[in-house]
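So the structure is just underneath, and the comments pick up after that.
The sequence lines fix the lettering, A, B, ..., with proteins before strands; numbering per chain opens at 1. None of these values were measured; they are calculated from a predicted model.
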Amino acid sequence: MIEIGGFTALYIFMLSAFTGYEVISRVPVILHTPMMSGSNFIHGIVLVGAIVVMGSAETVLEQVIGFFAVALAAGNAVGGYVATVRMLEMFNPKDKKGEA
Amino acid sequence: MDIFIQVVYFVAAILFILGLKKMSSPVTATGGIVWAGIGMIAASLVAFFEPGVFANSTNVVLIVVAIAVGSGIAYTTAKRVQMTDMPQMIAIYNGMGGGAAAAIAGVELVKMAGGHHAIGGTTQVLAVLGALIGAVSFSGSAIAFAKLQGLMNKTFRLPMHMVLNLGLFVLTLIAGMIIGFSDEVSIQLVLVFFLMALVFGVLFTTPIGGADMPVVISLFNAFTGLAVAFEGFVLGNAAMIIAGTVVGSAGTLLTQLMAKAMNRPISNILFASFGSDSGTAAEEDIEGSMKEVQGTDAAIMMAYAEKVVIVPGYGMAVAQAQHKVSELTKLLEARGVSVKFAIHPVAGRMPGHMNVLLAEAGIDYDKILDLDEINPEFPTVDVALVIGANDVVNPVARTNPDSPIYGMPILDADKARNCIVIKRGRGAGFSGIENHLFYADNTSMLYGDAQKAVGELISGIKELQ
């Protein structure tokens with residue numbers, strides 16, 4: 001845990017927002033669905049937060065909610081990854097030559 | 001140890017951004033997701049070494065079990081699902097992320113209610129906001145999944161739906177702010193707050209028609225990103241803040257691009273719920289009548305054409321007809337017919353949905369053209385074959401200012417010399433608007449499931465050889 005306070009937080013937020021905007025603005029339409037799936041995978045980073053929170057759980061209720069947090073987050077990350085890879089495999093030029 | 005953890009998070013954040021950037025080109029895309037995946041594994045592993053995690057061995061065991069359960073279910077479903085059902089799977093995985101973010105906030109708030117001192121200040125408000133956004137994304141995505149999966153076909157509206165929902169939102173916000181600004185919170189209020197947020201997510205999504213779901217899923221994707229970023233602030237985790245915010249803004253842009261392709265402001269998609277009052281626009285007079293054609297006749301028309309353009313839509317996806325379409329393309333090309341594909345930006349259930357399916361069937365992406373590239377060509381096209389697309393080729397979008405889809409850019413299939421439309425039945429499209437293309441003189445209707453109809457075309461062409 002690092003201290004991220006006040007304006008530092010705001011600056012991180014602002015710069016990240018511009019980064020996301022810039023990165024996706026050059027994506028061709030054909031990749032929009034894989035891209036949506038890929039960005040869906042990336043917010044699977046919520047798993048890190050879920051692990052930390054679950055690790056600090058003290059009561060049974062906290063453990064139950066924490067358990068759900070970790071399971072859902074892992075589902076987000078793994079499902080997002082597999083779905084994206086499956087879609088992107090179809091755009092793989094090597095596979096295309098193999099089929100033709 | 002703490003320095004090591006922070007370095008790994010830092011590298012993970014870089015990998016996420018580079019991965020997303022690599023995903024923006026078909027050549028490097030596969031590498032991009034692998035980079036992001038490495039970042040994710042590394043970040044998740046070091047998360048175990050955060051202070052306090054190893055203090056309680058029961059918790060560590062529970063974490064491992066939860067990861068096994070969550071990833072096991074997600075892995076098997078993601079591996080098994082048909083490519084055509086991918087949009088709703090993205091919706092459900094996204095909803096899981098939103099639920100996780102809300103649950104993180106839930107644990108923090110329960111701790112506060114249990115006597116821990118308040119998180120305090122802006123962070124506490126952010127925790128509550130993240131919980132609200134995450135919970136809405138969770139229940140909303142579940143509804144989006146149900147709609148696309150066909151578990152829930154009708155749009156559902158309560159009387160005074162908008163007013164009720166707005167009222168619920170305001171109440172949820174008030175409850176959230178009470179929690180966000182107080183030093184002690186009651187567990188009952190937290191519970192009520194979460195319940196209201198979940199119900200709001202459901203009511204927010206139910207009136208929106210299936211055709212608009214891609215926009216909604218994209219919006220929820222951005223929501224989840226934002227919720228993750230907010231919980232990142234609460235936990236002081238920079239990787240979560242950066243990854244969440246990047247997804248939040250990228251998702252917002254993607255949502256805007258989609259709404260733009262439909263030529264409707266996002267507010268109109270989310271709050272006007274068009275399609276529910278189908279009576280108004282559909283009642284007008286239509287000249288001409290629908291002419292049915294047999295598969296063999298349509299096949300002859302295409303086999304002796306010089307230039308064929310195929311316009312795929314959701315009907316092709318539902319029927320899993322992309323492989324048949326690929327076979328048809330190869331047959332036609334063997335006869336010297338030029339075949340191209342015209343993809344409307346919102347054809348199918350997501351932007352690029354059709355491209356993914358056609359790529360799966362092994363069709364070169366050089367032949368796949370988007371709206372601006374193909375529209376000037378239609379007047380020189382001999383046969384436009386519309387497979388299960390409807391609103392995206394409806395000429396009233398150009399001609400009738402009263403139509404709800406007026407102004408939406410469409411594929412000018414009606415300008416082709418001949419148009420063959422493969423359609424399951426005679427009903428109107430998702431929007432409930434009658435399609436004038438189907439009644440045009442140069443249009444013939446080939447009724448049937450896309451897979452079966454394209455199969456008829458294939459056997460028809462084979463007979464000519």
Side-chain angles (χ1 to χ4, degrees), chain A residues 1-2 4 9 12-13 16-17 19-21 23-24 26-27 29-30 32-33 35-40 42-57 61-62 65-85 87-88 90-92 99, chain B residues 16 20-21 23-24 26 29-30 33 37 40 43-44 47 50 52-53 59 62-63 66-67 69-71 74-75 78 89-90 93-94 96-97 99-101 103-104 106-107 110 221 224-225 228 231 235-236 240-247 249-250 253 350-353 355-356 359-360 362 370:
Chain A
M1 176 143 178
I2 46 174
I4 307 167
I12 296 178
F13 192 74
S16 307
T19 307
Y21 198 88
V23 163
I24 209 167
R26 297 188 204 101
V27 177
V29 179
I30 59 163
H32 272 178
T33 299
M35 192 77 191
M36 178 134 96
S37 181
S39 59
N40 177 30
I42 284 172
H43 64 53
I45 188 69
V46 70
L47 177 58
V48 168
I51 291 173
V52 172
V53 155
M54 175 76 204
S56 69
L61 180 60
E62 289 166 24
I65 305 173
F67 187 87
F68 273 108
V70 176
L72 287 172
N76 180 185
V78 173
Y81 186 83
V82 177
T84 311
V85 167
M87 272 188 258
L88 288 178
M90 293 167 198
F91 291 97
N92 199 335
E99 274 176 36
Chain B
F16 290 152
L20 261 188
K21 176 136 182 57
M23 269 186 249
S24 63
T30 318
I33 182 73
M40 188 70 73
S44 312
E50 289 254 10
V53 175
N59 284 349
L62 283 173
I63 291 171
I67 291 178
V69 170
S71 37
Y75 184 84
M89 294 319 289
I90 297 176
Y93 300 138
N94 172 55
M96 289 170 109
I104 289 173
V107 173
V110 165
N221 190 34
T224 303
V228 171
E231 298 314 323
L235 299 171
M240 279 171 76
I241 303 176
I242 293 169
T245 313
V246 165
V247 174
S249 74
L253 177 62
M350 288 205 164
H353 190 192
N355 306 78
V356 170
E360 185 199 12
D370 63 27

request  = Specify which of Ile241(B), Val69(B), Thr224(B) makes the most heavy-atom pairs with chain A at under 4.5 Å.
outcome  = Thr224(B)
request  = Report the option among Glu231(B), Met89(B), Lys21(B), Met240(B) that has the most heavy-atom pairs separated by less than 4.5 Å from atoms of chain A.
outcome  = Met240(B)
query = Is it the side chain or the backbone of Ile51(A) that comes within 4.5 Å of chain B heavy atoms, both, or neither?
reply = both
note = Scanning both residues in full, the closest heavy-atom pair of Ala74(A) with Ser71(B) reads CB-N, 4.0 Å
task = Go through the steps for His43(A) and Asn221(B) under the test side-chain contact (heavy atoms from CB on, under 4.5 Å), then give the verdict.
result = CA-CA 9 Å; His43(A) 64 53; Asn221(B) 190 34; 2.9 Å; yes
inquiry  = Report which part of Leu61(A) has an atom under 4.5 Å of a heavy atom belonging to chain B: side chain, backbone, both, or neither.
reply    = side chain
note = Smallest heavy-atom separation, Ile45(A) atom then Ala43(B) atom, equals CD1-CB, 3.8 Å
task = Taking all non-hydrogen atoms of both residues into account, name the closest pair between Gly49(A) and Ile104(B) and its distance.
result = C-CD1, 3.6 Å
key: Option that, when pairs with chain B are counted at under 4.5 Å, heavy atom only, ranks first among Ile65(A), Val48(A), Val23(A)   = Val48(A)
task = Run the numbers on Ile242(B) and Ile12(A) for side-chain contact (heavy atoms from CB on, under 4.5 Å), then give the verdict.
result = CA-CA 7 Å; Ile242(B) 293 169; Ile12(A) 296 178; 3.8 Å; yes
key: Region of Met23(B) that comes under 4.5 Å of a non-hydrogen atom in chain A   = both
key: Separation of Asn94(B) CG from Asn40(A) CG (nearest 0.5 Å)   = 5.0 Å
message = At a heavy-atom distance under 4.5 Å, which candidate from Gly52(B), Gly99(B), Ala74(B) has the highest pair count against chain A?
response = Ala74(B)
query = Are more than 12 heavy atoms from other residues, nucleotides or ligands located less than 6.0 Å from atom CZ of Phe67(A)?
reply = yes
Closest approach of Met36(A) to Ile90(B) (non-hydrogen atoms, all atoms of both residues) = CG-CG2, 4.4 Å
message = Tell me if a side-chain donor or acceptor on Asn59(B) pairs with a main-chain N or O of Met54(A) at a distance below 3.5 Å.
response = yes
task = For Leu20(B) and Ile24(A), run side-chain contact (heavy atoms from CB on, under 4.5 Å): C-alpha distance rounded to whole Å, both residues' side-chain angles, the deciding distance at 0.1 Å, then the answer.
result = CA-CA 8 Å; Leu20(B) 261 188; Ile24(A) 209 167; over 6 Å; no
ask   = Can you name the nearest heavy-atom pair linking Ile33(B) to Tyr81(A), along with the distance?
value = O-CE1, 3.3 Å
query = Could you give the distance from OG1 (Thr19(A)) to CZ (Phe16(B)), rounded to the nearest 0.5 Å?
reply = 14.5 Å
ask   = Using non-hydrogen atoms only, which part of Ile42(A) is less than 4.5 Å away from chain B: side chain, backbone, both, or neither?
value = both
ask   = Do you know which two heavy atoms are closest between Gly20(A) and Ser249(B), and how far apart they sit?
value = CA-OG, 3.3 Å
query = With respect to chain B, which residue among Gly66(A), Ala77(A), Ala9(A), Gly38(A) yields the maximal number of heavy-atom pairs within a distance under 4.5 Å?
reply = Ala9(A)
